[in-house]
Novice: 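Here you go, one structure.
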Amino acid sequence: MRWTTCSTITRLLRHRITLKPTVDHPVVQLLVSCHNVIPLDEGSAMMLTLAEARKCGNRLLNKLTDEHYQALLPRLEKSNLKSKDVIYERNKAVSHVHFPCDSALSNLIYLEDGAAVEVGTVGNEGFSSVELLVNASLAIESCVCQIAGRSLRMRTADFQKEITGQTPLRHLAECYFQAYLSQVSQSVACNRMHTIEARFARWLLVTHDRVRGEEFYLTQEFIAEMLGVHRPSVSLIAGAFQNAGIIQYRRGHMKILDRAALEETSCECYKVVTLQFKRLLGIPYG
């Protein structure tokens, strides 16, 4: 086999050609030696440019300076998530940290009878696996993809290196951790005290903030699981919202028609958590 030169590799990178050999393939090894690129899994895209990474839209990472963001790029890769993809499971090791772009993740606790309770959500304002900030070796909850879309991900070992010491990423991660805790604690009060209608409206507002557009895909079964209610309750509420002209919902396809009405229907929790995110990070929640 003829060896590919560094100049050829440079042209491949410039034209964004995806290579699909295994990690120990000579061409991949030459890529690593010429460009200090960490080889990705088979079928993954090549290293992102700074412009591409910023365009992905994770608002936490976008708060980094160009210099600090550029330094992370060899460790980041794009990931396309599908609804209900399992990101990690409780009491198991976390392989990757995800920084959602237009996807949304749901953190769940599964009970003995198999029922799931949502304890927190993660969108383009943050990242998954906040417990890694305190050197947790295993996940304290399960995480699934709630809304399909893109994410930037980093191997857990790389993330832990990047947050060692007083680094810019660690500072942002700690601020996000505080904001995430405010979301979780507010959700406890919300689930205990507020009506299903108000919680449904709040949940739609947060989801609407995280996706790029007025429409997204959500089944009634999934909404019921996230809200901790039975599916018939979701069907009745969604029907009432649709009759009021607030949403359009058909076979899992949700479209927001009247956001102002949603905000009026939602409980106070949406605004409370949004203010915490703005105070700590200068970015909205969701």
Side-chain angles (χ1 to χ4, degrees), residues 59-60 84 86-92 94 97-98 100 103-134 136 138-147 172-210 218 220-234 236-238 241 262-281 283-286:
R59 289 180 287 177
L60 189 73
K84 296 190 178 181
V86 177
I87 310 303
Y88 52 82
E89 296 179 82
R90 189 181 191 182
N91 294 328
K92 292 186 178 181
V94 177
V97 174
H98 282 261
S103 59
L105 310 180
S106 180
N107 293 327
L108 304 169
I109 296 296
Y110 286 96
L111 305 179
E112 288 184 352
D113 62 1
V117 178
E118 184 178 76
V119 295
T121 59
V122 181
N124 56 21
E125 76 287 344
F127 66 97
S128 64
S129 315
V130 293
E131 60 267 39
L132 294 176
L133 281 171
V134 291
L138 301 175
I140 60 173
E141 55 205 7
S142 297
C143 181
V144 300
C145 178
Q146 183 185 95
I147 303 292
L172 287 175
E174 288 178 343
C175 290
Y176 171 72
F177 187 33
Q178 294 179 64
Y180 177 78
L181 287 179
S182 75
Q183 176 207 149
V184 172
S185 60
Q186 193 71 31
S187 293
V188 172
C190 184
N191 292 338
R192 175 67 178 85
M193 301 300 296
H194 295 149
T195 65
I196 298 175
E197 291 82 1
R199 290 162 51 207
F200 180 67
R202 174 199 174 198
W203 199 77
L204 288 181
L205 284 170
V206 174
T207 305
H208 186 224
D209 288 342
R210 287 171 172 163
L218 280 173
Q220 289 187 7
E221 292 88 348
F222 201 66
I223 297 172
E225 190 174 76
M226 296 306 99
L227 293 175
V229 299
H230 296 296
R231 179 184 167 182
S233 298
V234 173
L236 289 172
I237 295 168
F241 277 44
L262 265 185
E263 292 179 355
E264 289 179 7
T265 307
S266 174
C267 54
E268 67 202 64
C269 300
Y270 174 73
K271 290 182 179 179
V272 169
V273 177
T274 296
L275 287 174
Q276 288 295 320
F277 271 83
K278 287 182 177 179
R279 179 180 69 84
L280 290 163
L281 288 163
I283 56 178
Y285 163 52

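All of these numbers come straight from a predicted model, not from anything done at the bench.
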Novice: Under the criterion side chain to side chain contact (heavy atoms under 4.5 Å, CB included), I'd like the reasoning laid out for His98 against Leu105: C-alpha separation, chi angles, the key distance, then a yes or no.
Specialist: CA-CA 9 Å; His98 282 261; Leu105 310 180; 4.1 Å; yes
Novice: With sequence neighbours excluded, tell me which residues meet side-chain hydrogen bond (donor to acceptor under 3.5 Å, both in side chains) with Gln178.
Specialist: none
Novice: Provide the full list of salt bridge (charged side-chain N to carboxylate O under 4.0 Å, His left out) pairs with a residue in residues 172-184, sequence neighbours left out, each pair given once.
Specialist: Arg170-Glu174
Novice: With sequence neighbours excluded, tell me which residues meet side-chain hydrogen bond (donor to acceptor under 3.5 Å, both in side chains) with Thr207.
Specialist: none
Novice: Can you tell me how far apart CZ (Phe177) and OG (Ser182) are? Round to the nearest 0.5 Å.
Specialist: 11.5 Å
Novice: Going by the ring-ring contact (aromatic ring centres under 6.0 Å, His included) test, which pairs reach into residues 107-128, not counting sequence neighbours?
Specialist: Phe99-Phe127, Phe127-Phe159, Phe127-Tyr176
Novice: Quick one: does Arg202's side chain get under 4.5 Å of Cys190's, heavy atoms only?
Specialist: yes
Novice: Considering only NZ, NE, NH1 and NH2 on the basic side and carboxylate oxygens on the acidic side, decide whether Lys271 and Glu263 come within less than 4.0 Å.
Specialist: no
Novice: Let me confirm one number: the OG-CG distance from Ser129 to Leu138, rounded to the nearest 0.5 Å.
Specialist: 11.5 Å
Novice: Measuring from atom CD1 of Ile237 to atom OG1 of Thr195, what distance do you get when rounded to the nearest 0.5 angstrom?
Specialist: 7.5 Å
Novice: Tell me, which pairs form a salt bridge (charged side-chain N to carboxylate O under 4.0 Å, His left out) where one or both residues lie in residues 181-190, sequence neighbours left out?
Specialist: none
Novice: With Ile109, which residues qualify under side-chain contact (heavy atoms from CB on, under 4.5 Å), at least two apart?
Specialist: Arg90, Leu111, Val119, Glu141
Novice: Indicate the atoms forming the closest heavy-atom contact of His194 with Arg199, along with that distance.
Specialist: O-CD, 3.5 Å
Novice: Could you go through Ser128 and Val97, starting from their C-alpha distance and side-chain angles, then the distance that decides it, and tell me whether this counts as side chain to side chain contact (heavy atoms under 4.5 Å, CB included)?
Specialist: CA-CA 6 Å; Ser128 64; Val97 174; 4.2 Å; yes
Novice: Do you know the tightest heavy-atom contact between Leu281 and Cys175?
Specialist: CD2-CB, 3.5 Å
Novice: Which pairs pass salt bridge (charged side-chain N to carboxylate O under 4.0 Å, His left out) with one or both residues in residues 179-197, sequence neighbours excluded?
Specialist: none
Novice: Is the side chain of Gln186 donor-acceptor paired with the backbone N or O of Val273 at a distance under 3.5 Å, no angle test?
Specialist: no
Novice: Looking only at non-hydrogen atoms, find the nearest pair between Val94 and Ala139 and report the distance.
Specialist: CG2-CB, 3.8 Å
Novice: Go through the structure and list residues passing side-chain contact (heavy atoms from CB on, under 4.5 Å) with Gln220, not counting sequence neighbours.
Specialist: Arg231, Val234, Ser235, Tyr249
Novice: With sequence neighbours excluded, what pairs up with Glu89 under the salt bridge (Lys or Arg N to Asp or Glu O under 4.0 Å) test?
Specialist: Lys92
Novice: Supply the atom-to-atom distance Tyr270 OH to Asp209 CG, rounded to the nearest 0.5 angstrom.
Specialist: 3.5 Å
Novice: In the structure I gave you, are the side-chain heavy atoms of Trp203 and Ile223 within less than 4.5 Å of one another anywhere?
Specialist: yes
Novice: What distance do Ser142 atom OG and Asn107 atom CG have between them, rounded to the nearest 0.5 Å?
Specialist: 9.0 Å
Novice: Please name all residues satisfying side-chain contact (heavy atoms from CB on, under 4.5 Å) with Phe222, sequence neighbours left out, ordered by chain then number.
Specialist: Lys84, Val144, Gln146, Leu218, Thr219, Glu225, Met226
Novice: Apply side chain to side chain contact (heavy atoms under 4.5 Å, CB included) to the pair Gln183 and Gln276, showing each step before the final yes or no.
Specialist: CA-CA 8 Å; Gln183 176 207 149; Gln276 288 295 320; over 6 Å; no
Novice: Mind checking the CG-CD1 spacing from Asn191 to Ile196? Nearest 0.5 Å is all I need.
Specialist: 10.5 Å
Novice: So, using side-chain contact (heavy atoms from CB on, under 4.5 Å) as the criterion, who are the partners of Leu262 when residues are at least two apart?
Specialist: Ala201, Leu204, Leu205, Phe241, Ile246, Ile256
